Amino acid sequence: MEFAKKIVETTEEIFSTMIFMDISAAKPLEQSKHNIGGHITAMIGLTGSFAAMLNIHCPEEVGLAIAGAMLGMEFETIDADVKDTLGEIANMVAGGLKERFAKEDLMLQLAIPTAVTGKSYTIAPPKTNNRVIIPFQVESGQFFIEIKYNLN
Amino acid sequence: MGKTVLIVDDSNTMRKIVARSLRQAGIDFDSILEAADGQEALDVLHANQVDVVLSDINMPNMTGLEFLKAKSEDDAIKDIPVIMISTETGADIIDEAKSYGAKGAIKKPFTPDLINETLGPLL
């Protein structure tokens, strides 16, 4: 189903079109754990030909930098606007996946995105084959896009 | 009299980005109004003279398609042009939007140029 390829393509399109940050994708996470500490996670559900949850996990400083670049302003703390911005990016990534899977006759509907924050978060590599995590590098650090899916 | 645009999106930041993109596209509105869902948009249209609406589709309370349907059945506001601006731009959804009177669609992510191309002919 090429989740990783589709996630990388749509994320690169979003960052080049609306965020204007250089971004590079690494290979899907396979081994090492990443403790990202204080973080913001944006999430959105997808249903239809399969069910999935897409998450964007950002360390605080990366989330602030991405939201600042997208809105053209500086953020010093994670506030409602930062969470809203990351949620909207999750929405666009999910929309890009929906569009790409539709070309393979896999139809999806999107839920409403949301975002949460926390003080300690560790990304661990997937133990099952229905979970993909892609690390992305930007100037301020690394963030991760994760999709967990169940085929109907 | 200057022109007024209504931006409908449940994301506060996306409303700001759409407004900024209008300015970057060189489209000069005298007034930019905002609504966070379809019901708010209907209320704004009844209370203000609006020239064009840019509306998201995937919103809580009242979606963009529900907003379009309600608007198309309301003689007082049915002729105000609407452009959909959404991640949801599949052919089936756009066909349904057009059946309720939408004049076009802009896919997120978008550029100011794309907004200009789509919105320009309506102004």
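Order of the sequence lines sets the chain letters (A, B, ...), proteins ahead of strands, with each chain counted from 1. Small disclaimer: the values here were computed from a predicted structure and weren't measured. The figures that follow rest on heavy atoms only: side chains count, while hydrogens, waters and symmetry mates do not.
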Find out if a path of hydrophobic residues (ILVMFWY) with successive side-chain heavy-atom gaps under 4.5 Å connects [X] to [Y].
X: A:Met21; Y: A:Val82; result: yes
X: A:Ile7; Y: A:Ile23; result: yes
X: B:Ile94; Y: A:Phe101; result: no
X: A:Ile134; Y: A:Phe3; result: yes
X: B:Met59; Y: B:Ile106; result: no

Handout entry: Engaged part of A:Ala111 at the chain B interface, taking heavy atoms whose separation is under 4.5 Å
Key = backbone

Problem - Residue part contacting chain B, namely of A:Met70, when any heavy atom lies under 4.5 Å - result: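 Both parts, backbone and side chain.
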
Nearest 0.5 Å please: distance from the [atom1] atom of [X] over to the [atom2] atom of [Y].
X: B:Lys107; Y: A:Glu99; atom1: NZ; atom2: CD; value: 4.5 Å
X: B:Arg20; Y: A:Met73; atom1: CZ; atom2: CE; value: 10.5 Å
X: B:Asn58; Y: A:Gln109; atom1: CG; atom2: CD; value: 10.5 Å
X: B:Ser86; Y: A:Met92; atom1: OG; atom2: CE; value: 11.0 Å
X: B:Met14; Y: A:Leu71; atom1: CE; atom2: CG; value: 9.0 Å
X: A:Ile112; Y: B:Asp10; atom1: CD1; atom2: CG; value: 5.5 Å

Fill in the blank from the handout: Bottom line for B:Lys16: the part with an atom under 4.5 Å from chain A's heavy atoms is side chain

Problem - Region of B:Leu114 in contact with chain A, defined by heavy-atom distances below 4.5 Å - result: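 Neither part.
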
Handout entry: Option in B:Asp9, B:Asn12, B:Thr111 with maximal non-hydrogen atom pairs under 4.5 Å from chain A
Key =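 Most heavy-atom pairs under 4.5 Å with chain A: B:Asn12.
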
Exercise for the section: Tell me, yes or no, whether the heavy-atom count around A:Glu76 atom CD, taken from other residues, nucleotides or ligands under 6.0 Å, exceeds 12. Expected result: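 Open.
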
Handout entry: Heavy atoms from other residues, nucleotides or ligands near CG of A:Asp22 exceed 12 (cutoff 6.0 Å)
Key = no

Practice task
Could you check A:Asp84 against B:Ser11 for side-chain hydrogen bond (donor to acceptor under 3.5 Å, both in side chains), going step by step and ending with a plain yes or no?
Solution key: CA-CA 6 Å; A:Asp84 189 40; B:Ser11 164; 2.9 Å; yes

Exercise for the section: Determine, step by step, whether B:Thr87 and A:Lys98 satisfy the side-chain contact (heavy atoms from CB on, under 4.5 Å) criterion, reporting the C-alpha distance in whole Å, the side-chain angles of both residues, the deciding distance to 0.1 Å, and the verdict. Expected result: CA-CA 9 Å; B:Thr87 57; A:Lys98 173 179 175 168; over 6 Å; no

